[in-house]
Structure formats: structure tokens, C-alpha cells
Amino acid sequence: MTPSILITGGAGYIGSHTAVALMEAGHKVVILDNLCNSDARVLDRLRRLAGNAFEFEQGDVRDAALLDRVLARHAVNSVIHFAGLKAVGESVAQPLRYFDNNVGGTFSLLQAMERADVRHMVFSSSATVYGDPEQVPIPETAPLKATNPYGRTKLVCEDMLRDLQRADPRWKIAMLRYFNPVGAHPSGLIGEAPSGAPNNLMPYIAQVAVGQRDCLNIFGDDYPTPDGTGVRDYIHVMDLARGHLAALEQLAKRQQSITVNLGTGAGISVKQLVETFARVTGRPIAHRYVARRAGDVAVCYADTTLARATLGWQAEHDIARMCEDAWRWQSMNPTGYTN
Ligand code: NAD
Ligand code: UDP
């Protein structure tokens, strides 16, 4: 039986794009998702893009018996673990839910992998583990700290994975620290479909452009940055998807665990992103300046040296392309997967 790659959270934003990249590279994929933050209609879109090269299992990563069945039934040989909750504000209000889902989910998955003798994992970490960074660009060696419960769940998972690989070198783990994933598959068939008002900047801009929202609130114009607005490292989700493929290949080849930043290395301000989106799409983006959002850092962008050296990977798409693809998705699907 041909081995499969298990993608937990594969119906979600980054997972669905990574599934396409893996299938295009000839891999067999099994998606496990409880659909708590995604729509089953993404599966039809994946079929349109990649045919029937994947299986879907609906369920929760905290369900040990289900994991045992899925790992065995699909001859899984490696796992990409996206499944998790990611809303910072919600994590402040409901920390136990976040620890249960993100830490409990990762723990349950690792135990099942050990039972099944599957020891290659790519883990979705985040630049949030750097807290308010002391220096930019941020190298992987920067101090780690969490500034909210969501960030803390990522740090606890990273610590658990570090302990595991130290205890048993048969574990090969890639911890990928994503910066700000944006954009969509160039077909416009899959993309980011937040439920309710978007927390993140790019989907908010896209919803203003398509007429779903009236006006973008820009959180703060008094940061110590060239134009006063916050600076981030936006990375095209298809570049991010390729990064996962590169990480899996390295785990198999080099037989070594890896912790790397996935970003472009370029800092882009809120104002620059809004202006680029308007220029590329020809749509004005109504906006107003409001107070800073609690917990936001001024500047955050990646040192990408290690990703280039260890994965042979670097981001290819620029900010204009990110806006173009985000807009194609949003204009073809004004209300996400529900239309
Ligand atoms: P997403 O919400 O679109 O996808 C996550 C998927 O996991 C969803 O489809 C959801 O239904 C599923 N899921 C959640 N809990 C589950 C559980 N217990 N069992 C099974 N399925 C479950 O989010 P995303 O943006 O694709 O993020 C994927 C991963 O990357 C997350 O772990 C997130 O924390 C991390 N990450 C995201 C960003 C970002 O800005 N999008 C940045 C850094 C890290
Ligand atoms: N931002 C904003 N308005 C919004 C959402 C975000 O001005 O409606 C700003 C936010 O303050 C930050 C940048 O856009 O400077 C990126 O925010 P996002 O939530 O997308 O990513 P994160 O803060 O997690 O890096």
C-alpha cells in the first residue's frame, strides 16, 4: 500500500493549500479535520484542483481511537499537524479551550504516532513564540516568550516536541514558525474564509474591497515605524505550502529535526499593504485610523537565512502577487465557501 501523509486541520486555510502542493508533487494525502473552523465544501474544491488523490476523515485529533484507525488504515508515514485554534482574543477569553485543543490535541496525536511507529512530524508553529522581539529580522535563536494563551499553547507544544526529540532521536520533527500567511491558490478556488469578522488584516482588506465590510480600522498610526503603522512579514500561502514539502523532504533525507522561520524577510506596513492592494486591484480601500490593538507589536519580520540553508527554500511571491491572489479568491467567492 502506498504510504500517505496525514494532514490534520487539512480543511483549513493553510492545510488546504498545503494539501494541493503535496498532491501536485505526487503524494497521497489523508486529511483529518473536525471542521470546527472550516467548511466541508473545501473538499470539492480540492477535488477540482487535485483529483481524488486524497481521503477525508472527519474527526478530532483528541480522539485516540480514531487516530489509531486513521494511521493504520492509510499507512501513514508522516504527519503535518495544522489542527488547532488560532484566535488570540478568543484564547484570552477561553484559555482552557485553547490548552485542551492545541496542547491536548498535539499530545494525543504524538501518543498515537508513537503507538503506530510514525515519527516524522511537521508542526505549525508561529512567529508569536518570539513575543515582542528584541531585534529584527528575528533569527530562530531569539528568546522565546508568549504574550497570550494562544502563543503559550504554541510554546508548550514546541517544548513538548523538543523534549521528545531529545529523549528519542528516532523522532524527526520540523517546527515551522510562520510569519503572516496571506493570499490564496492562483485558481481562486481555495482561500482564507474566516467565520465572522476577520481578525487578520488581509482578509479584512479583501472584505472591504468586495463590499462585505464598510471600512478597515487601522490599529495605530503612532508606532516607531517609517509610516507609524505596524510592520509584518506577509508570506504567500502557496510559498508556505511549498515550505512544508521542503521540510518533509529534509526530514526524510537528512534525518534531522529542524526549527525554522517561514517568512519572506521583508517588513511591510499596514499602510503599504492597503496601498498595494488598492493599486493591484483597482479598488479603493476605505480606512480610518483608530487606537492600537492591545497586545500588538510594532515590528515583526523573519531572518530567513536558516530556511534557505536547511530547506533550500525561499519565498518567491511578492506583496503585489499576494494581494492579486487574495483578491481573485475574494471576488470569485465574496462570502467564502458558502456561495
Ligand atoms: P484554520 O483554522 O483555517 O485551520 C485549522 C483547521 O484545524 C480547521 O479546519 C479546523 O476545523 C481544524 N481543527 C481545529 N481543531 C481541531 C481538532 N481538535 N481536531 C481536528 N481538527 C481541528 O487555521 P490556519 O490559518 O490554516 O492555521 C493552521 C495552523 O497554523 C494552526 O495551528 C495555526 O495556529 C497555525 N498558524 C497560523 C497562522 C495564520 O496566521 N493563519 C500563523 C501562524 C501559525
Ligand atoms: N491590523 C489592522 N486592522 C485590522 C487587522 C490588523 O490595522 O483590522 C494590523 C495589526 O495591528 C498589525 C497588522 O495589521 O499591525 C497585522 O495584523 P494581523 O492580525 O493580520 O497579524 P498579527 O498581528 O497576528 O501579526
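Note that ligands are numbered from 1 as they come in the structure, with each ligand's atoms numbered from 1 the same way.
Remark: ligand 1 and A83 share no N or O pair separated by less than 3.5 Å (distance only, no angle test). Here's the thing with P181: none of its N/O atoms is less than 3.5 angstrom from an N/O atom of ligand 1. Of the N or O atoms in N101, one or more lie within a sub-3.5 Å distance of an N or O in ligand 1. When only interatomic distances are considered, the shortest N/O to N/O separation between D60 and ligand 1 falls below 3.5 Å. Ligand 2 has an N or O atom lying under 3.5 Å from an N or O atom of L201, backbone or side chain. Residue V270 has no nitrogen or oxygen atom sitting less than 3.5 Å from a nitrogen or oxygen atom of ligand 2, judged on distance alone. Taking any N or O of G12, backbone or side chain, at least one lies under 3.5 Å from an N or O belonging to ligand 1.
Using cut-offs of 30° and 60° on the angle between ring planes, the pair H244 and F82 is tilted.
Residue contacts with ligand 1 for R62 involve side-chain atoms from C-beta outward but no N, CA, C or O (heavy atoms, distance under 4.0 Å). Contacts of H81 with ligand 1, taken as heavy-atom pairs under 4.0 Å, are absent altogether. The proximity of L35 to ligand 1, defined as any non-hydrogen pair under 4.0 Å, is limited to the backbone. The proximity of I14 to ligand 1, defined as any non-hydrogen pair under 4.0 Å, involves the side chain as well as the backbone. Looking at A127 against ligand 1, nothing comes within 4.0 Å, counting heavy atoms.
In terms of protein heavy-atom proximity, atom 2 (O) of ligand 1 is closest to N37 ND2, 2.7 Å. Taking atom 18 (P) of ligand 2 as the reference point, the nearest protein heavy-atom neighbour is N200 ND2, 3.5 Å. Protein heavy atom at the shortest distance from atom 13 (N) of ligand 1 is N34 OD1, 3.5 Å. In terms of protein heavy-atom proximity, atom 17 (O) of ligand 2 is closest to R293 NH2, 3.5 Å. Closest to atom 21 (O) of ligand 2, if we only count protein heavy atoms, is N180 ND2, 3.0 Å. Looking from atom 25 (O) of ligand 2 to the surrounding protein, the closest heavy atom is R232 NE, 2.7 Å. With hydrogens left out, the protein atom closest to atom 3 (O) of ligand 1 is Y13 N, 2.8 Å, a heavy atom. Nearest to atom 28 (C) of ligand 1 among the protein's heavy atoms is F82 O, 3.6 Å. Of the protein's non-hydrogen atoms, the one nearest atom 19 (N) of ligand 1 is V61 N, 3.1 Å. Nearest protein heavy-atom neighbour of atom 11 (O) of ligand 2: D296 OD2, 2.5 Å. The protein atom (non-hydrogen) at minimum distance from atom 24 (P) of ligand 1 is K86 NZ, 3.7 Å. Regarding atom 5 (C) of ligand 1, its nearest protein heavy-atom neighbour is G84 O, 3.9 Å.
Between the side chains of D233 and T264, at least one donor N or O lies within less than 3.5 Å of an accepting N or O. A donor atom on one side chain and an acceptor atom on the other are found under 3.5 Å apart for Q165 and S257. At a cut-off of 3.5 Å, with distance as the only test, a side-chain donor of R177 or Y130 sits close to an acceptor on the other residue. Between the side chains of Y150 and E90, no donor-acceptor pair of N or O atoms lies under 3.5 Å. Side-chain atoms of H236 and D325 include a donor-acceptor pair closer than 3.5 Å. Judged purely by distance below 3.5 Å, without hydrogens or angles, the side chains of E57 and H74 pair a donor atom with an acceptor atom.
Listed by atom number, the atoms of ligand 1 under 4.0 Å from Y150 heavy atoms are 33 (C), 34 (O), 35 (C), 36 (N), 44 (C). Shown in contact with I218 at under 4.0 Å from a heavy atom are these atoms of ligand 2, numbered in order with element: 7 (O). When each atom of ligand 2 is checked for a heavy atom of Y234 under 4.0 Å away, the hits are 13 (C), 16 (C). Here is the list of ligand 2 atoms found below 4.0 Å of a heavy atom in G230: 15 (O). Per-residue contacts place S124 under 4.0 angstrom from the following atoms of ligand 1 (heavy atoms of the residue considered): 29 (C), 30 (O), 32 (O), 35 (C). Every atom of ligand 1 with a heavy atom of S38 under 4.0 Å away is listed here by number and element: 8 (C), 9 (O), 11 (O). Residue N199 has at least one heavy-atom neighbour below 4.0 Å for each of these atoms of ligand 2: 5 (C), 19 (O). The N217 neighbourhood of ligand 2 comprises atoms 2 (C), 3 (N), 4 (C), 7 (O), 8 (O), with distances under 4.0 Å to a heavy atom of that residue.
Across A315 and I235, no two heavy atoms sit closer than the pair CB-CD1, 4.4 Å. The shortest heavy-atom contact between L66 and L32 is CD2-CD1, 3.7 Å. Contact record, N102 with C157: O-SG, 3.5 Å, taken as the closest heavy-atom pair. Heavy atoms only, all atoms of each residue included: S4 and V30 are closest at CB-CG1, 4.0 Å.
Considering only heavy atoms from C-beta on, V79 comes within 4.5 Å of M113 through its side chain.
D33 counts as a contact of ligand 1, since one of its heavy atoms falls under 4.0 Å from the ligand. Using a 4.0 angstrom heavy-atom cutoff, C36 counts as in contact with ligand 1. Heavy atoms of G59 come nearer than 4.0 angstrom to ligand 1 in at least one pair. At least one heavy atom of K154 sits closer than 4.0 Å to an atom of ligand 1. For the ligand labelled ligand 1, residue S125 lies inside the 4.0 Å heavy-atom shell.
Judged purely by atom type and a 3.5 angstrom limit, H17 uses its side chain to pair as donor or acceptor with the backbone of H185. Not a single donor-acceptor pair under 3.5 Å links the side chain of T18 to the backbone N or O of A241.
One finds no salt bridge joining R97 and D100 here, because no Lys/Arg side-chain nitrogen approaches an Asp/Glu carboxylate oxygen to under 4.0 Å. Note on K271 versus D221: no salt bridge recorded, every NZ/NE/NH1/NH2 to OD/OE distance being 4.0 Å or above. Salt bridge annotation for D44-R47: present, with a cationic side-chain nitrogen under 4.0 angstrom from a carboxylate oxygen.
Apart from V280 itself, the hydrophobic cluster it occupies contains nothing, where clustering links Ile, Leu, Val, Met, Phe, Trp and Tyr at side-chain heavy-atom distances under 4.5 Å.
Test Q330, Q212, R213 against Q207 for side-chain hydrogen bond (donor to acceptor under 3.5 Å, both in side chains) and you get one pass: R213.
Among F219, Y204, Y289, the residue whose heavy atom lies nearest to atom 2 (C) of ligand 2 is F219.
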Counting only pairs under 3.5 Å, give me each side-chain donor-acceptor contact of residues 120-129, with atom names and distances, residues two or more places apart or in other chains.
| unit_1 | atom_1 | unit_2 | atom_2 | d |
| --- | --- | --- | --- | --- |
| S124 | OG | H81 | O | 3.3 |
| S124 | OG | Y178 | OH | 2.7 |
| S125 | OG | E158 | OE2 | 2.7 |
| S126 | OG | T128 | N | 3.0 |

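For the pair R232 and Y301, the cation-pi criterion (under 6.0 Å, within 45° of the ring axis) is not fulfilled.
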